[in-house]
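Naming convention: chains lettered A, B, ... in sequence-line order (proteins, then strands); numbering from 1 in each chain.
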There are 2 protein chains.
Amino acid sequence: MLKRSFESSGRTTEIHPPVSSPASTKDRILGAAEQLFAQRGFDGASLRQLTTAAGVNLAAVNYHFGSKEKLVEEVFRRRLDALNARRMEALARLGDEHPPTLEEVLDAYIRPALELSHDNHGSLFMRVLARAFAEHDDTLRQFLSENYGHVLRQFTAEFARLLPQLSKQELYWRIDLVTGALTHAMSGFGIIQRKSDVSEQSHREQTVQHLIRFAAAGLSHP
Amino acid sequence: MLKRSFESSGRTTEIHPPVSSPASTKDRILGAAEQLFAQRGFDGASLRQLTTAAGVNLAAVNYHFGSKEKLVEEVFRRRLDALNARRMEALARLGDEHPPTLEEVLDAYIRPALELSHDNHGSLFMRVLARAFAEHDDTLRQFLSENYGHVLRQFTAEFARLLPQLSKQELYWRIDLVTGALTHAMSGFGIIQRKSDVSEQSHREQTVQHLIRFAAAGLSHP
DNA sequence: TCTCTCGTCAAACGATCGTTTGCCGCAACA
DNA sequence: TGTTGCGGCAAACGATCGTTTGACGAGAGA
């Protein structure tokens, strides 16, 4: 019957994701979609598998999201809105006292992503993100560029200020390589085994430091 | 009717790929498959699109390769056999006179891949490879590990010898990050625009040096 | 109480998928 | 000159895909 448009899909009524105890149909779909998209890809996961896993009717996806493609976008939006907001906050907080160092800027970029990838379902989402990078789907790339391009531009400007010796072309090159390394690592290829004698938190801190030092070396080498 | 097994598929009669002027049906399929897999993914490219592009009958794929999955493997095998052979040759050639440097080992690993990615269809194949990394398809990963794992192990051993200060865990970590960066870059994300005033060859040489220095910095930073 | 909207549901739609079938023509070989 | 087997072809197979439909019940508002 009535189909709610993508832009007005309840974003005023519920600011934060699930919270409600049994989880709404929309949130159950989003959760199952994230998991199945990560495991089998956007095309590989069918709406029938997805709705069965979520315990909802097949038609629910088209009713609540309009189409499978819109569902994909919503999966991204739900995570990336929070992720990039935290990145921007962290970056803004840096300039308060002194000009930030390269490692501090990298920390602002990397730490929110790593915290997300250590969430309950966050690591699944990082795989989804890696898939999106590998698939040269223009529609999805345009969506990402339009909605979150300003974050990358802001960080790029910061890197350019910190690495004035690099030409624009060189800088873009290195940022691209760093992006590839981080995406690859955080999508779960990097088998970051936590030893049983270190806490979850200290392990994460070690990983953050590891990634930051690698990225800093790749960006600033002579 | 008769279906030739995967292992004996004419690898004795024609050592090198196409060469024959109008190209055999098998090679036309392989070429079209490489292109379409790169553009639309393994699932996204249908056998009908593929055989139409190749100018062959729909049934030809199952006749010559047995199944779509076997075709995927053959696409990989055709490129990776040559690629990894050249890598191993380059690595073996290094030890002749003096113990190799880190940059020389990286050169042996990177240069063959970059030359492939600048080939006619080679760059398409690097995209296929990036997709394979992103898709956590166990069958495909096992195939890659079984057939080309020894190459990665050989280079890893060389890196371990050159970077004795790193723990095993640290070394694996860094190799993984470098792998992600190189895969990402060479699959065509890195927009390596060649300026019109430099030759193709000198541009490639610059790119090789760029990647080597980035990888060396990431591997050996304190 | 009547009406209308919303969410859910089973069922079906047409399209497309990978694979299989049976037939045909050509070339090699006896 | 028959026979045999390989490769190509159109056509169809059953399965699965994303999407749409129409009916049904619960709940809010008049």
Using a cut-off of under 3.5 Å, enumerate the N/O to N/O pairs linking the protein to nucleotides 25-27 of chain D.
none

Who pairs with B:F37 by ring-ring contact (aromatic ring centres under 6.0 Å, His included), at least two apart in sequence or on another chain?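 For B:F37 the ring-ring contact (aromatic ring centres under 6.0 Å, His included) partners, ignoring immediate neighbours, are B:F42.
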If the condition is ring-ring contact (aromatic ring centres under 6.0 Å, His included), which residues does B:F155 pass it with, not counting sequence neighbours?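 B:Y109.
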With under 30° as parallel and over 60° as perpendicular, where do the rings of B:H210 and A:W173 fit, or are they tilted in between?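 B:H210 and A:W173: tilted rings.
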Tell me, which of residues 46-58 of chain B have any heavy atom that sits under 4.0 Å from an atom in DNA chain C? B:S46, B:L47, B:R48, B:L58
How many Å lie between [atom1] on [X] and [atom2] on [N], as a whole number?
X	N	atom1	atom2	value
B:E69	C:dG18	CD	P	12 Å
A:Y63	C:dT5	OH	P	12 Å
A:I29	C:dG7	CD1	C1'	11 Å
A:D43	C:dT16	CG	P	15 Å
A:R40	D:dT16	CZ	P	13 Å

Charged N to carboxylate O below 4.0 Å: is that the case for A:E170 and A:R174?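 Looking at A:E170 and A:R174, the cut-off is met.
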Of D:dC9, C:dG7, D:dT19, the nucleotide closest to the side chain of A:N62 is D:dT19
If you count every heavy atom of other residues, nucleotides or ligands that lies below 6.0 Å from B:Q142 atom CD, does the total exceed 12?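 Not buried by this count: 12 neighbours or fewer within 6.0 Å.
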Sugar-phosphate only, base, or nothing, as touched by A:A59 at under 4.0 Å among non-hydrogen atoms: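 A:A59: base contact, heavy atoms under 4.0 Å.
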Are OP1 or OP2 of C:dC6 and a side-chain N or O of A:H64 less than 4.0 angstrom apart? no
Would you indicate, yes or no, if D:dG8 has its OP1 or OP2 atom less than 4.0 angstrom from a side-chain nitrogen or oxygen of B:T25? yes
Starting from the C-alpha separation in whole Å, work towards a yes-or-no answer on salt bridge (Lys or Arg N to Asp or Glu O under 4.0 Å) for B:R86 and B:E115. CA-CA 11 Å; B:R86 294 179 65 177; B:E115 286 173 354; 2.4 Å; yes
Name all residues meeting the side chain to side chain donor-acceptor pair (under 3.5 Å) criterion together with A:E89; count only those two or more places apart in sequence or in a different chain, and write none if there are none. none
Between B:V178 and A:F214, is any pair of side-chain heavy atoms under 4.5 Å apart? yes
Those residues at least two apart in sequence (or on a different chain) that pass salt bridge (charged side-chain N to carboxylate O under 4.0 Å, His left out) with A:E205 are A:R111
